[in-house]
There are 2 protein chains.
Amino acid sequence: MSIVERKDRELHARHAARAHDQRERILDAARRIVMRDGLAALSMRKIADAIGYSPASLYLYFAGRDEIAEALGRECYAQLLAQLEPLGLIADARERLHALAHAYVAYGCDHPQTYELIFMAHKTRAEHVGPAARRHRAALAEAAGEPEAGAAPACGARLFAATLSVLTPPSGAHVDGPLLAQSLWATLHGAVMLTLARAGFEHAAPGPLIDATLDAWFGARAAAAASPAAQAPGVAS
Amino acid sequence: MSIVERKDRELHARHAARAHDQRERILDAARRIVMRDGLAALSMRKIADAIGYSPASLYLYFAGRDEIAEALGRECYAQLLAQLEPLGLIADARERLHALAHAYVAYGCDHPQTYELIFMAHKTRAEHVGPAARRHRAALAEAAGEPEAGAAPACGARLFAATLSVLTPPSGAHVDGPLLAQSLWATLHGAVMLTLARAGFEHAAPGPLIDATLDAWFGARAAAAASPAAQAPGVAS
DNA sequence: GTCTATATACTGATAGAC
DNA sequence: GTCTATCAGTATATAGAC
């Protein structure tokens with residue numbers, strides 16, 4: 001049975017590898033389409049045309065358009081986290097937060113299609129709430145400052161957990177760190193969304209906006225350490 | 001020529017009134033569909049069926065689906081502003097800002113379809129940037145704290161301009177009011193979007209989140225006026 | 001495993017008859 | 001002013017040839 005079993009396993013492994021390769025080919029083509037024409041332009045026919053397949057064959061590897069979009073979304077989310085991860089190692093808390101915030105917003109603004117994919121993939125088709133989207137949202141919730149919630153993409157948790165240190169200074173008493181981390185995340189997300197929605201319009205650049213926000217939050221402390229002049233609006237009087 | 005001219009004018013007026021009524025009927029049906037099944041479910045056929053028309057006839061009153069969605073979006077935007085407007089009259093600056101922020105987020109979270117309509121109508125079909133969407137975005141930019149930018153829906157400008165007073169205390173020197181107003185708006189918008197995206201999931205309720213945000217921004221000043229204990233994270237050390 | 005072909009059921013939009 | 005009929009797309013799914 002040894003030879004037969006081995007051959008059988010080899011065959012299975014080869015099949016699995018081939019299936020994996022085909023999925024990659026499909027995802028590559030889908031990614032190109034989304035990057036070029038946006039998520040709304042993604043269709044099974046276009047993907048099939050791009051890789052010389054028939055539309056029917058795609059259904060052998062993906063359940064449908066939504067599963068492909070979700071797979072791309074997870075990919076892009078991982079890419080965003082990977083881009084932020086090294087910044088989470090910056091020693092100085094204020095500097096680290098500054099770098100993370102700017103990098104996050106810059107990523108969203110510079111790659112609208114990618115950002116759309118991360119947050120919209122599960123909303124393209126109405127009312128679709130698949131398990132993949134569920135996992136994705138859990139990861140986002142976790143990244144916002146609730147490290148105990150999920151488990152899978154723990155690097156996101158570590159990343160935002162690292163920023164919590166600046167939100168909970170040792171001497172601060174009544175501070176809800178996770179809540180403020182979510183607030184900050186909402187600000188960053190909102191800045192990206194508003195910038196994208198008003199693309200091509202006169203509006204405050206997201207960079208200065210984030211600077212002003214961080215100054216308003218933490219500028220007073222930093223300024224107090226550097227110079228006694230108060231600059232933050234919340235403590236001006 | 002007097003009689004002929006008068007009859008002509010009457011005819012024109014009647015036609016215009018009739019066209020206006022038909023547009024209203026179409027928009028009513030469209031609104032019902034969007035509120036029930038979401039913006040993605042809005043289609044010319046469904047609208048036509050709902051009012052007993054053929055799909056082709058709708059194109060006599062609207063250029064297409066997008067124009068209908070945009071018209072609904074402008075409607076909803078006006079409704080949101082109308083709901084916020086009385087709150088802009090609250091005398092106390094901090095109270096006013098608190099009420100406006102909570103009302104804004106509550107509106108967005110309680111009426112997902114409406115909020116989606118306001119911000120997404122022009123993004124449903126890819127790359128569509130019509131003049132109506134342009135006007136809409138201009139109004140939003142204006143509402144964020146640039147009263148001089150546009151002109152049409154000035155009530156939104158007055159509304160957010162009123163909140164600027166709390167952002168620019170008389171004694172505060174280096175404060176960019178409009179920029180901070182945009183930051184606050186981004187936070188509110190982001191809180192709504194994240195809440196809607198993670199609907200049905202465990203996450204911080206938007207109410208406490210906004211409370212924490214406002215406390216972080218302005219709690220110190222208010223607390224300093226009421227009691228000498230510092231509660232804001234940015235000024236804890 | 002992949003193809004062609006077909007089927008159903010949608011979508012926006014248009015031409016032309018009445 | 002409204003209709004029917006139609007075009008060109010879309011997703012999804014299946015049957016059967018190779």
Side-chain angles (χ1 to χ4, degrees), chain A residues 8 10-26 29-30 33-34 36-72 120-128 130, chain B residues 11-27 29-30 33-34 36-72 120-130 132-133:
Chain A
D8 195 52
E10 271 180 4
L11 199 66
H12 274 302
R14 216 172 309 170
H15 279 185
R18 190 174 144 64
H20 183 268
D21 286 353
Q22 296 293 65
R23 278 179 67 101
E24 282 303 314
R25 280 186 65 204
I26 293 170
I33 293 169
V34 172
R36 181 159 34 87
D37 304 321
L39 177 56
L42 184 67
S43 84
M44 301 298 268
R45 278 178 160 76
K46 280 183 193 152
I47 299 172
D49 285 351
I51 62 173
Y53 263 33
S54 85
S57 298
L58 301 182
Y59 292 92
L60 295 173
Y61 301 101
F62 289 96
R65 197 198 92 126
D66 285 8
E67 196 184 300
I68 296 176
E70 278 178 29
L72 287 181
M120 311 282 218
H122 53 95
K123 290 199 73 183
T124 322
R125 292 284 139 193
E127 311 307 317
H128 180 76
Chain B
L11 199 68
H12 272 303
R14 216 172 308 169
H15 278 184
R18 191 177 143 62
H20 184 268
D21 286 353
Q22 295 291 65
R23 278 178 68 100
E24 281 305 314
R25 281 185 65 205
I26 292 169
L27 286 178
I33 293 169
V34 172
R36 182 159 35 86
D37 303 322
L39 176 57
L42 184 68
S43 82
M44 300 300 268
R45 277 178 159 77
K46 280 183 194 154
I47 299 172
D49 285 351
I51 62 175
Y53 262 31
S54 86
S57 298
L58 302 182
Y59 291 91
L60 294 173
Y61 302 100
F62 290 95
R65 197 198 94 126
D66 286 7
E67 194 184 301
I68 296 176
E70 277 179 29
L72 287 180
M120 311 281 220
H122 55 96
K123 287 200 73 180
T124 321
R125 291 286 140 194
E127 312 305 317
H128 180 76
V129 189

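A note on names: the letters A, B, ... follow the listed sequences, proteins ahead of strands, and every chain is numbered from 1.
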Tell me the interatomic distance from [X], atom [atom1], to [N], atom [atom2], rounded to whole angstroms.
X	N	atom1	atom2	answer
B:F62	C:dA13	CZ	P	13 Å
B:R25	D:dG1	CZ	C1'	13 Å
B:I26	C:dG12	CD1	P	13 Å
B:M44	C:dT11	CE	P	11 Å
A:L60	D:dT12	CG	P	14 Å
B:L42	C:dT11	CG	P	10 Å
A:R14	C:dG1	CZ	P	12 Å
A:R65	C:dC10	CZ	P	18 Å

Assign [X] to base, sugar-phosphate, or nothing according to its heavy-atom contacts below 4.0 angstrom with the strands shown.
X	answer
B:Y53	sugar-phosphate
B:S43	sugar-phosphate
B:L58	nothing
B:Y61	sugar-phosphate

Please determine whether a side-chain nitrogen or oxygen atom of A:S54 lies at a distance below 4.0 Å from atom OP1 or OP2 of C:dT2.
no

Any A:R18 side-chain nitrogen or oxygen under 4.0 Å from OP1 or OP2 of C:dT2
yes

Heavy-atom closest pair, residues A:K46 and A:A41:
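Shortest heavy-atom contact: NZ-O, 2.9 Å.
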
Please name the pair of heavy atoms, one in B:L39 and one in B:A69, separated by the smallest distance, quoted to 0.1 Å.
CD1-CB, 4.2 Å

Is there a donor-acceptor contact under 3.5 Å from the side chain of A:R23 to the main chain of A:Y61?
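Yes; judged by distance alone, with no hydrogens or angles, the pair exists.
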
When you look at A:M44 and A:F62, which way does the side chain to side chain contact (heavy atoms under 4.5 Å, CB included) test go after all the steps?
CA-CA 10 Å; A:M44 301 298 268; A:F62 289 96; 5.5 Å; no

Donor-acceptor pair under 3.5 Å, B:R45 side chain vs C:dG12 base:
yes

Between A:Y59 and B:Q22, which is nearer to the 5' end of DNA chain D once each is assigned its nearest nucleotide?
B:Q22

Could you check whether any side-chain heavy atom of A:I47 comes within less than 4.5 Å of a side-chain heavy atom of A:R65, counting everything from C-beta outward?
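No, every pair of side-chain atoms sits at 4.5 Å or beyond.
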
